[in-house]
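In what follows, a structure is listed as structure tokens, so that the remarks can point back to it.
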Amino acid sequence: MADSTDTAPATAGAGLRRPALFGTLRWDAVVGALLVVLLGISFSTVDGFGNALNISFLIGNTLPVAAIALPMTMLVASGEIDLSVGSTVGLSGAVMGALWNHGMNINAIIVICALLGLVCGLINALLVTKLGLPSLAVTIGTMALYRGVAQIVLGSNSVTDFPQNYLDFGSGRLGGSFLPTAVLPWLVLAALAVVVLHATGFGRSVFAVGASAEAAWFAGVRVKRVKLSLFVTTGLVSSLTGVFWVLHYASATYSNATGLELSVVAAVLLGGVDFDGGRGTLGGAIAGVFLLGTLQNVMSLADVSAQSQTVVTGVLLTVSVLGPRVARQLLPSTR
Amino acid sequence: MTASTTATAAEQPLMAVTSPRRLIDRVLRMRELAILVVLAVMLVATQIDNTSFLSEQGIKDLLLNATILVLVAVGEAVVVITGNVDLSVGSVLGVTAFAAGDLLRHGGNPVLAIGLAVLLGAGFGAFNGLLVGLGQVPSLVVTLGTLYIIRALDSIWVGSREITASRLPSGYKTFGHDGLSAIPYLALLATVVLIAVGYFLRNYRSGRECYALGSHAQAASLAGIPVRRRVMAAFVLCGALAGLAGALYLARFSYADAGTGSGYELTVVSAVVVGGVGFTGGSGSVYGAALGALLLTSINSVLPAIGVSSVWVEAIDGVLLLLAISVDRIVALRIAGLLRSRARQARSVIDG
């Protein structure tokens with residue numbers, strides 16, 4: 001609810017306000033409600049769902065998507081997209097494995113991985129902002145490039161012998177509770193993202209850029225700088241997720257997180273973030289992420305094959321995007 | 001942005017001189033020529049390094065490897081020219097390959113199997129086109145959804161079954177491997193499709209309309225072009241060609257399972273973009289897309305032939321794609337600047 005007051009005084013003008021209220025806010029509330037209903041049903045009817053271990057698996061396996069969905073929401077809200085995130089996760093993991101094999105200190109490795117993520121994001125950002133290329137095409141290119149570099153760095157090796165206390169961070173739980181340890185940094189990150197997107201001038205300029213980059217520019221928003229910082233942040237978060245991925249699954253291979261980009265984009269769009277930019281909330285995106293994560297978990301418990309599970313992702317994505325638009329066409333009075 | 005600015009600039013009636021249009025034509029032709037030159041240089045250099053590379057069998061392998069990607073890229077190019085994109089082609093290829101195989105192993109007629117694959121693909125294409133037209137939703141999002149849906153339907157239907165060479169009629173496999181000396185039948189078929197689609201886009205009214213609505217859908221709609229119907233037709237064509245490619249994939253590799261074609265969509269999009277079909281719509285040609293496909297698949301054969309490890313392939317593909325779109329963009333900016341200064345000259349001539 002707080003979002004309506006946040007987006008209303010956006011620099012791009014009052015015309016944005018109503019669609020934002022009717023198009024997105026309702027939809028992200030719907031997704032949140034769906035998540036609550038699904039959790040309720042799963043807790044009461046699905047065998048093996050409610051125990052702490054399973055919930056910690058659910059959250060832990062969803063964390064990579066949940067982490068990258070934060071900057072991805074902002075990117076999509078600004079009218080751009082980054083399909084190279086899965087490859088950045090893979091590259092970060094591959095570099096981590098290769099450097100660890102060379103006997104480097106693990107903390108130094110993590111710093112290097114973070115820097116690497118910044119560079120990956122910066123390459124995307126410069127191609128998009130300096131040359132004015134569509135981010136979709138650019139990041140399909142860098143998706144192949146980063147994955148290719150990961151393959152060059154690590155080949156077909158896999159590295160597993162990381163220090164135990166780090167592996168514990170990746171797969172351990174807080175005490176005996178249902179929360180994985182790694183959920184703490186994620187919560188910090190999520191809180192930071194919500195504040196930045198929904199309660200700061202920068203966040204408003206993100207929506208303004210997404211609604212109309214030209215109008216935002218005339219209103220004094222430094223469009224290119226906004227986009228650049230979003231791409232760089234996405235790269236950084238992706239590479240840190242790559243480190244987490246390696247520790248969580250205790251395996252560094254060049255093919256880590258292949259196809260993750262589509263899961264992230266699907267979850268963000270499911271959460272009601274408008275693909276055309278200018279509209280969306282982080283709450284919706286996070287609800288979308290955990291809705292898909294929970295569905296996946298429930299279906300795994302019900303022995304549905306991993307391949308068949310994707311039908312739900314696809315149907316939900318299609319319905320979530322078509323639903324609000326068809327509704328808006330049928331109800332022109334709400335405009 | 002680029003494509004539309006250059007296109008509109010070219011069509012400004014103000015410029016009575018025809019030279020800007022010729023300029024653009026020349027540059028576009030140069031774009032395809034450029035890929036051809038890169039391809040030729042690459043192949044010749046490899047041949048010098050490894051003299052057995054361009055043997056009869058070598059050429060045949062190059063063409064066979066390219067055929068399936070060329071077919072899907074041609075369909076994808078038409079969709080991209082209309083300003084859309086179809087990400088579901090990999091899933092369509094997978095399900096149609098299995099459908100064709102399923103029919104064949106129960107003793108079905110090969111021609112019927114190919115027809116079934118094409119029809120099935122066209123059906124999925126129509127589904128995509130319907131969703132895109134219905135909700136006015138970005139095609140990227142819709143086809144990302146159908147990518148998942150079709151793949152999941154495929155895996156529910158197929159399960160852990162697979163089609164293997166021993167279950168296929170030998171004639172079908174021969175069709176997938178043999179050819180007229182160095183030119184495989186599959187490549188001949190792909191060439192026929194390529195020329196037909198290229199001719200249609202270049203010379204038919206409805207083909208030209210695809211470019212028009214890709215440049216500016218709203219303007220095209222105001223000019224009386226049935227936008228939704230053309231977009232629908234583009235998706236149906238793309239789906240049908242993905243279906244044909246599925247049937248030919250089966251002939252070529254004699255294998256299909258629930259994972260066939262996974263991730264193929266990004267290779268296809270790469271080929272199209274490397275081939276100079278702009279993502280913004282309204283520019284490029286299917287010949288470019290086909291050359292892009294040939295270039296990408298040839299790199300996969302060239303690297304092992306000159307002794308470079310195959311781990312480099314993907315990175316090089318990525319660099320190539322980035323290089324292609326960057327060069328396109330820079331050239332387009334240059335042309336736009338050139339056209340502006342010419343227009344200014346023309347105007348001052350008229351005024352003076």
Side-chain angles (χ1 to χ4, degrees), chain A residues 81 83-84 87 123 127 130-138 140-156 254 258-259 261-263 265-266 269-270 274-276 304-326 328-329, chain B residues 1-2 85 87-88 91 131 134-138 140-160 258-259 262-263 265-267 269-270 273-274 278-280 309-326 328-330 332-333:
Chain A
I81 196 167
L83 294 182
S84 70
S87 296
I123 293 174
L127 285 169
K130 291 288 169 197
L131 280 177
L133 293 168
S135 53
L136 185 68
V138 166
I140 286 178
T142 53
M143 177 170 84
L145 174 60
Y146 299 160
R147 183 70 67 188
V149 175
Q151 210 172 344
I152 295 167
V153 168
L154 201 58
S156 53
Y254 82 89
T258 302
E261 58 281 342
L262 295 186
S263 307
V265 171
L269 296 175
L270 174 64
D274 194 325
F275 184 71
D276 292 334
V304 179
S305 78
Q307 281 273 333
S308 315
Q309 290 176 17
T310 55
V311 78
V312 179
T313 313
V315 169
L316 273 178
L317 176 64
T318 312
V319 169
S320 71
V321 175
L322 277 175
R325 295 202 182 220
V326 172
R328 236 178 295 151
Q329 280 183 351
Chain B
M1 278 290 263
T2 354
V85 67
L87 293 183
S88 69
S91 303
L131 289 179
L134 185 77
Q136 300 290 301
V137 181
L140 181 99
V141 184
V142 169
T143 55
L144 179 61
T146 52
L147 176 158
Y148 284 124
I149 295 174
I150 297 170
R151 173 65 59 195
L153 292 178
D154 186 24
S155 58
I156 291 168
W157 174 50
V158 173
S160 55
S262 280
E265 55 282 343
L266 296 173
T267 313
V269 171
S270 297
V273 173
V274 166
F279 238 116
T280 36
S309 160
S310 63
V311 298
W312 286 82
V313 169
E314 199 164 1
I316 291 176
D317 283 359
V319 168
L320 201 68
L321 175 61
L322 293 173
L323 212 62
I325 57 177
S326 304
D328 277 353
R329 173 71 180 166
I330 291 164
L333 287 176

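Predicted model, so just to flag it, every value in this text is computed and none were measured. Just so you know, these numbers use all the heavy atoms, side chains as well, and skip hydrogens, waters and symmetry mates.
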Which of [options] touches chain B most, by non-hydrogen pairs under 4.5 Å:
| options | answer |
| --- | --- |
| A:Leu131, A:Leu127, A:Leu83 | A:Leu131 |
| A:Thr258, A:Leu316, A:Thr142 | A:Thr142 |
| A:Thr318, A:Val265, A:Ile152 | A:Ile152 |

Could you state the interatomic distance from CD1 (A:Ile140) to CG (B:Leu87), rounded to the nearest 0.5 Å?
7.0 Å
Measuring from B:Leu266:CG to A:Arg147:CZ, what's the distance to the nearest 0.5 Å?
11.5 Å
Under 4.5 Å from any heavy atom of chain A - which part of [X]:
| X | result |
| --- | --- |
| B:Ile316 | neither |
| B:Ser270 | side chain |
| B:Val141 | both |

Measure across B:Pro138 and A:Asp276 and return the closest heavy-atom pair with its distance rounded to 0.1 Å.
CG-OD1, 3.7 Å
For B:Gly318 and A:Ala144, work out which heavy atoms get closest and say how close.
CA-CB, 3.7 Å
Using a 4.5 Å cut-off on heavy atoms from C-beta on, say whether the side chain of A:Leu136 contacts that of B:Val269.
no
Set of residues satisfying ring pair (Phe, Tyr, Trp, His ring centres under 6.0 Å) with respect to B:Trp157, sequence neighbours excluded
B:Phe98
Hey, mind stepping through A:Leu145 and B:Leu322 against side-chain contact (heavy atoms from CB on, under 4.5 Å) and telling me if it holds?
CA-CA 9 Å; A:Leu145 174 60; B:Leu322 293 173; 3.9 Å; yes
As an exercise: rank B:Asp317, B:Ile325, B:Ile156 by heavy-atom pairs under 4.5 Å with chain A and give me the winner.
B:Ile325
Tabulate below the donor-acceptor pairs under 3.5 Å that side-chain atoms of residues 146-153 of chain B make, not counting sequence neighbours, or state none.
{"residue": "B:Thr146", "atom": "OG1", "partner": "B:Asn128", "partner atom": "OD1", "Å": "2.8"}
{"residue": "B:Thr146", "atom": "OG1", "partner": "B:Val142", "partner atom": "O", "Å": "3.4"}
{"residue": "B:Thr146", "atom": "OG1", "partner": "B:Thr143", "partner atom": "O", "Å": "3.2"}
{"residue": "B:Tyr148", "atom": "OH", "partner": "A:Leu262", "partner atom": "O", "Å": "3.4"}
{"residue": "B:Tyr148", "atom": "OH", "partner": "A:Ser263", "partner atom": "N", "Å": "3.4"}
{"residue": "B:Arg151", "atom": "NH1", "partner": "B:Ala258", "partner atom": "O", "Å": "2.8"}
{"residue": "B:Arg151", "atom": "NH1", "partner": "B:Thr260", "partner atom": "O", "Å": "3.0"}
{"residue": "B:Arg151", "atom": "NH2", "partner": "B:Gly90", "partner atom": "O", "Å": "3.3"}
{"residue": "B:Arg151", "atom": "NH2", "partner": "B:Thr260", "partner atom": "O", "Å": "3.0"}

